[in-house]
Amino acid sequence: MINEPRQTARTLWIQRVIIFAALVLIIQTGWLQLVDPTYGQKADRTTLVRRTLYPGRGLILDRKGHLMVHNIPVYDLKVIYNQVPKNIDTTLLCKLLEIDKVSYKQRMEKDWKSLRYSKSVPFDFMEHIPASKFQYIQEYLHLFPGFYGELRSARGYFESHSAHILGYMSEVDQKRIDESDGLYAMGDFCGSTGIENYYESTLRGSKGAAYILKDNLGREIESLDEGRHDSLAISGDNLILSLDHILQEYGQQLLQNKRGSIVAIEPSTGEILAMVSSPGYDPNELSISRSRGEAFMKLQEDTLKPLFDRSVMAMYPPGSIFKPLLALVAMQEGLLNENRTIYCGGAYYSGTKRRGCHNHPTPHNVAAAISYSCNTYFFTVYKEVIDQAGYTMPEIGLRKLNVHLSAFGLGHKIGLDVPGEKAGNLPGPSYFDQIYKPGRWRSPYILSMGIGQGELQLTTLQMAHAAAIIGNEGTYTDPHLLKSRVPPGKAPQAEFYPRRRVSIDYRYFEPVIEGMSGAVRSGTATMAFIPDIEVCGKTGTSENPHGEDHSVFFGFAPRNQPKIAIAVYIENAGWGGSFATPVAGLMIEKYLKGDISEGRKWIETKMLEADMIHKTKS
């Protein structure tokens, strides 16, 4: 009870301090609101606008630093409906924007009941205005309160090729916005195909924001709190691709007026040097612009399917380029000796069925069989591989064969860094069980696969990858397009890709490589012969029941420590040596020597002038 007066005095003192502080705040607030007009006038005459700052999208360069994809500044004209005066001069605005008043009204009136639009939130009035045009419009924008420009970037391309690889951008849909956790908003663009899509998170960068005070005429007064609330946009990383843009362009020229594809790989690294699909299209056609929709519809309706990437999406029977792979597996399984002779009298007989062969001497070893491309030899070998556990148990042999072939990249996606890659078709026992019923099929039923026909299907990428593995005698790096990333202001950061090995011993590659070298020197692939470069290759003719056969080639050069592996597939071009082989030879020579020698210029001219599309149509 003695301390009670002391506690009461302390409580009274605290209460007085609180009351005094409250009085000071009330007086100050009253002064600002009732006496000092500064803040009231400022609030009356200003509007706070949050402006999104869009980052520069990362550039895309080839392996030599050549710029392939850059950014073009464009503007979106935004509007806040509630800030547009009723007496706005629509005649002048329509004249500046080159639209009529009907279009103006349509652009202004939105479905306000929809959650997509609000009268107090900016929305796009006009998109993709070129910078040169917007500079003129901007001089008059102060006459149109509620309207302002927002800088964006469209993609520009220095070449008319590589559209399938580079890809294009498109506007994000509501689903992507909802799943982006705030990264995307209505009207944003993102990569839709190709590299633009696969490396979207790397290329896009990070948005920034600026808070601007505007007067009642729409003129900018100042940044809010001197910009303390602003954030900078951070540009996306630049990408250095493995492509050689000169080789890529040359491949596009060689495939002009042809349906098909070329894939070239650097065997020691797995880097894609060229990946051409024809017919293609100019990537500038699908750059963000007002005419883009019309261009896209035209490409979609084209019967030649220029949007279809034949290098990774088309699946073809490989034809005789399958024979070197079969020889490797058969030797690894102990079913084939490299010096084995198999008699060929011009055909292979299975029961009463005759399967024809080329006119060549009997092959006395594996190398000769590959060089001659002997069907009889490989029908025999394939049957022995499938029947290794007995004629009535073909599933065992087929399963063992497919394990090895899968290691070469057949029957599954390789994992290339562009979307849309197909797996091909490497049929196993379950596939044939569905066709013939379990236990009812035998090796003669599937014999056509021994020479790369029938149900077996590969992409051109898979063919080139297999050629690279053979050239490396069994080691490989997964094919890829990205060489390094370059973050803003930093040095290039190289990507790491591990080396792997297939299930075939080193010693079995030499006879196969010798056979592929012989095919180019004096066999079926002489049109790929280059006097001072030892090219190793194999032709293929892919049978086409609906028209002329397809021309196929895969190979590598030089023989020792190869610098390039390549696959070429040209639809309806006949046997493998007629078109695919010379095109591959020209690509190899162009890459290794920089130009085509005088003695081979006639081949170049013939391939450049060949028109397989209109020939097929007629």
Side-chain angles (χ1 to χ4, degrees), residues 62-64 159-162 243-267 272-280 310-311 319 321 460-461 463-464 467-468 471 516-517 519-541 550-559 562-613 615:
D62 87 332
R63 66 189 297 110
K64 297 176 181 177
E159 278 86 22
S160 60
H161 56 72
S162 305
L243 289 178
D244 183 314
H245 82 278
I246 295 176
L247 188 67
Q248 181 78 11
E249 183 175 22
Y250 188 58
Q252 195 74 51
Q253 292 169 356
L254 291 172
L255 287 192
Q256 186 176 4
N257 291 320
K258 304 170 188 68
R259 274 186 292 244
S261 55
I262 302 171
V263 177
I265 300 173
E266 184 177 67
I272 301 288
L273 301 171
M275 196 167 81
V276 182
S277 176
S278 180
R310 286 171 165 83
S311 63
I321 69 169
T460 311
L461 172 65
M463 299 176 198
M516 293 174 69
S517 177
V520 176
R521 289 195 310 270
S522 58
T524 59
T526 54
M527 289 293 283
F529 180 77
I530 304 170
D532 50 353
I533 299 172
E534 187 173 3
V535 179
C536 302
K538 181 73 190 76
T539 59
T541 303
H550 309 307
S551 182
V552 196
F553 176 92
F554 84 158
F556 54 89
R559 176 170 178 166
K563 301 290 190 299
I564 181 173
I566 192 166
V568 179
Y569 204 107
I570 303 178
E571 298 177 18
N572 308 117
W575 64 287
S578 59
F579 283 94
T581 300
V583 165
L586 292 168
M587 289 286 287
I588 290 170
E589 187 173 10
K590 183 74 170 180
Y591 181 68
L592 296 180
K593 300 175 68 175
D595 206 354
I596 306 304
S597 59
E598 283 300 322
R600 288 171 46 80
K601 284 285 187 180
W602 69 273
I603 301 176
E604 181 183 49
T605 301
K606 182 180 178 181
M607 292 301 107
L608 290 172
E609 294 179 352
D611 186 345
M612 307 309 299
I613 289 178
K615 171 190 170 184

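In this text, all values refer to a predicted model and were calculated from it rather than measured experimentally.
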Any residue meeting side chain to side chain contact (heavy atoms under 4.5 Å, CB included) with [X], in chain and number order, not counting sequence neighbours:
X    : result
A274 : L247, Q248, A264, M587
P562 : P267, N472, F556
S160 : D282
A580 : S551, F553, V568

Of all the heavy-atom pairs spanning [X] and [Y], show the shortest one and how long it is.
X    : Y    : value
I603 : P582 : CG2-CB, 3.7 Å
M516 : G555 : CE-CA, 4.2 Å
R310 : S277 : N-OG, 2.8 Å
L243 : M275 : CD2-N, 4.2 Å
A519 : G537 : CB-O, 3.5 Å
A557 : I533 : CB-CG2, 4.0 Å

Take a 6.0 Å sphere around NZ of K606 and say whether it holds more than 12 heavy atoms from other residues, nucleotides or ligands.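 Open: at most 12 neighbouring heavy atoms sit under 6.0 Å from NZ of K606.
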Going by the rule ring pair (Phe, Tyr, Trp, His ring centres under 6.0 Å), which residues pair with H161 if we only count those two or more places apart in sequence or in a different chain?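 With neighbours one apart ignored, the set is empty.
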Which value, rounded to the nearest 0.5 Å, describes the distance between [X] atom [atom1] and [Y] atom [atom2]?
X    : Y    : atom1 : atom2 : value
H245 : L273 : NE2   : CG    : 13.5 Å
I321 : Y569 : CD1   : OH    : 8.5 Å
T581 : F529 : OG1   : CZ    : 14.5 Å
R600 : M607 : CZ    : CE    : 10.5 Å
R259 : H550 : CZ    : NE2   : 9.0 Å

Before you tell me yes or no, could you show the steps for M612 and N572 under side chain to side chain contact (heavy atoms under 4.5 Å, CB included), namely the whole-Å CA-CA distance, both residues' side-chain angles and the distance that decides it to 0.1 Å? CA-CA 7 Å; M612 307 309 299; N572 308 117; 5.9 Å; no
Would you check if the side chain of K258 reaches a backbone N or O of A610 as a donor-acceptor pair within less than 3.5 Å?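 Yes; judged by distance alone, with no hydrogens or angles, the pair exists.
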Side chain T526, main chain S522, donor-acceptor under 3.5 Å: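 Pair absent, no side-chain N/O of T526 close to backbone of S522.
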Check I262, V263, I566 against T460 for a side-chain contact (heavy atoms from CB on, under 4.5 Å) and give me the one that passes.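 Output: one option passes, namely V263.
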Of all residues at least two apart in sequence or in a different chain, which pass the side-chain hydrogen bond (donor to acceptor under 3.5 Å, both in side chains) check with [X]?
X    : answer
T539 : T524
S597 : E589
E534 : S517, R559
Y591 : none

Under the salt bridge (Lys or Arg N to Asp or Glu O under 4.0 Å) test, which residues partner [X], sequence neighbours left out?
X    : result
K563 : none
R63  : E266, E271
E159 : none

Test salt bridge (charged side-chain N to carboxylate O under 4.0 Å, His left out) on K601 and E604 and set out the steps. CA-CA 5 Å; K601 284 285 187 180; E604 181 183 49; 3.7 Å; yes
Kindly determine whether Q256 and L608 satisfy side chain to side chain contact (heavy atoms under 4.5 Å, CB included), including the steps that lead there. CA-CA 7 Å; Q256 186 176 4; L608 290 172; over 6 Å; no
Would you check if [X] and [Y] make a side-chain contact, meaning some heavy-atom pair closer than 4.5 Å?
X    : Y    : result
I246 : D62  : no
L586 : I588 : no
P558 : L592 : yes

